[in-house]
Amino acid sequence: APPAGGVEAASKPERKAAGKTPGNKGEVRSLLRSRNFVLVCLVFFGIFFTRGAGLFTLLPLKASQNLHLTPGTIGLLFAVVPAIQLVSLAVVGPLTDRYGRKFAVGPGVAAFSVALLVLAISPSVWLFALGMVLYGVAQGVSGGPSQAYVVDISGPATRAVAQGAARSLGDLGLLVA
């Protein structure tokens, strides 16, 4: 009798699903040339670039050197971003399902621009905190809907390629930063 538990199952090689590769070359080329796809990939690039260049590197230095904040205070201010993002996602998700993804992506990019401007010129802790709140809103408004938009504009045959390309361009933004 085979041993109990998953020992036998774990030792069997995993089967790969037989089927088509994701999209044919023509479908993939068409996707990669799509204006909407290129634009949403630029949004991913920009989001990750601002995280790498601003949120993870320059803003902590500004908070410490220019605003004379302690590491604990900086940590609290930076914890505001994901908290506000979570609240924003809860509000924006149903709206984008009802009105479409573009409804949120454009305003989200505009909110990123305003947030980064406020953070760059903030002479006080309160204005810096406002910038962090705006940054969290921007991430919530544009992040999830951008990912959903990639799914919307890609067909079933190119969905995996589209998600991978969009994420790779985002990672490239982080690398460049």
Side-chain angles (χ1 to χ4, degrees), residues 31 36-154 158-177:
L31 172 74
N36 289 336
F37 182 72
V38 170
L39 289 174
V40 77
C41 284
L42 289 174
V43 169
F44 278 102
F45 181 89
I47 289 171
F48 280 71
F49 180 80
T50 61
R51 278 187 200 159
L55 194 64
F56 296 156
T57 55
L58 297 177
L59 293 177
L61 290 174
K62 177 184 171 96
S64 174
Q65 294 175 359
N66 295 9
L67 301 175
H68 309 291
L69 300 177
T70 65
T73 304
I74 294 169
L76 284 174
L77 285 171
F78 278 72
V80 165
V81 174
I84 296 297
Q85 179 183 2
L86 183 63
V87 172
S88 298
L89 281 170
V91 172
V92 171
L95 292 174
T96 61
D97 288 343
R98 185 171 189 174
Y99 298 109
R101 315 301 183 207
K102 285 183 182 180
F103 166 79
V105 175
V109 170
F112 266 119
S113 300
V114 171
L116 291 170
L117 178 65
V118 168
L119 288 165
I121 65 169
S122 60
S124 70
V125 175
W126 298 110
L127 200 53
F128 190 82
L130 175 64
M132 295 303 278
V133 167
L134 289 173
Y135 196 92
V137 168
Q139 281 201 196
V141 169
S142 64
S146 295
Q147 293 170 341
Y149 186 63
V150 170
V151 171
D152 291 347
I153 63 174
S154 59
T158 58
R159 195 158 289 141
V161 172
Q163 288 289 339
R167 178 57 196 235
S168 293
L169 281 172
D171 289 343
L172 180 63
L174 189 60
L175 180 68
V176 170

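Since the structure is predicted, the reported quantities are computational estimates derived from the model, not experimental observations. All values below come from the heavy atoms of this structure, side chains included, with hydrogens, waters and symmetry mates left out.
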Side-chain donor-acceptor distances from residues 160-177 under 3.5 Å, at least two apart:
| unit_1 | atom_1 | unit_2 | atom_2 | d |
| --- | --- | --- | --- | --- |
| Gln163 | NE2 | Gln147 | O | 3.4 |
| Arg167 | NE | Asp171 | OD1 | 3.1 |
| Ser168 | OG | Gly164 | O | 2.8 |

Which heavy atom of Pro82 sits nearest to which heavy atom of Ala79, and what is that distance? CD-O, 3.3 Å

Do you know the tightest heavy-atom contact between Gly140 and Pro145? O-CD, 4.0 Å

Taking Val150's backbone N and O only, do any of them form a donor-acceptor pair with Ser154's side chain (distance below 3.5 Å, no angle check)? yes

Sequence neighbours excluded, the answer for side-chain hydrogen bond (donor to acceptor under 3.5 Å, both in side chains) partners of Asn36 is Tyr149

Listing request: all ring pair (Phe, Tyr, Trp, His ring centres under 6.0 Å) pairs with a residue in residues 87-107, at least two apart in sequence or in separate chains. Tyr99-Phe103

Applying side chain to side chain contact (heavy atoms under 4.5 Å, CB included) between Leu134 and each of Val114, Leu117, Leu119, report the one that passes. Val114

Taking atom CH2 of Trp126 and atom CG of Leu67, what is their separation to the nearest 0.5 Å? 12.5 Å

Can you name the nearest heavy-atom pair linking Ala129 to Leu77, along with the distance? CB-CD2, 3.6 Å

Quick test of your reading: applying ring pair (Phe, Tyr, Trp, His ring centres under 6.0 Å), list the pairs with at least one residue in residues 57-94, sequence neighbours left out, ordered by first then second residue. none

Contacts of type side-chain hydrogen bond (donor to acceptor under 3.5 Å, both in side chains), residue Thr70, not counting sequence neighbours: Thr73

With a cut-off of 3.5 Å and sequence neighbours excluded, list every side-chain donor-acceptor pair involving residues 87-98.
| unit_1 | atom_1 | unit_2 | atom_2 | d |
| --- | --- | --- | --- | --- |
| Ser88 | OG | Ile84 | O | 2.9 |
| Thr96 | OG1 | Val92 | O | 3.4 |
| Thr96 | OG1 | Gly93 | O | 2.9 |
| Asp97 | OD1 | Arg101 | NH1 | 2.8 |

Under the side-chain contact (heavy atoms from CB on, under 4.5 Å) rule, collect the residues that match up with Leu127, sequence neighbours excluded. Val118, Ser122, Pro123, Ser124, Leu130

side-chain contact (heavy atoms from CB on, under 4.5 Å) filter on Ala138, not counting sequence neighbours, yields Ala111, Phe112

Tightest non-hydrogen contact, residues Leu31 and Ile153, listed as CD1-O, 4.3 Å

Exceeds 12 heavy-atom contacts within 6.0 angstrom, atom NZ of Lys102: no

Scan the side chains in residues 38-60 for donor-acceptor partners under 3.5 Å anywhere in the protein, sequence neighbours excluded, and list what turns up.
| unit_1 | atom_1 | unit_2 | atom_2 | d |
| --- | --- | --- | --- | --- |
| Thr50 | OG1 | Gly46 | O | 3.2 |
| Thr50 | OG1 | Ile47 | O | 2.9 |
| Thr50 | OG1 | Tyr135 | OH | 3.0 |
| Arg51 | NE | Gln139 | OE1 | 3.4 |
| Thr57 | OG1 | Gly52 | O | 3.0 |
| Thr57 | OG1 | Ala53 | O | 2.6 |

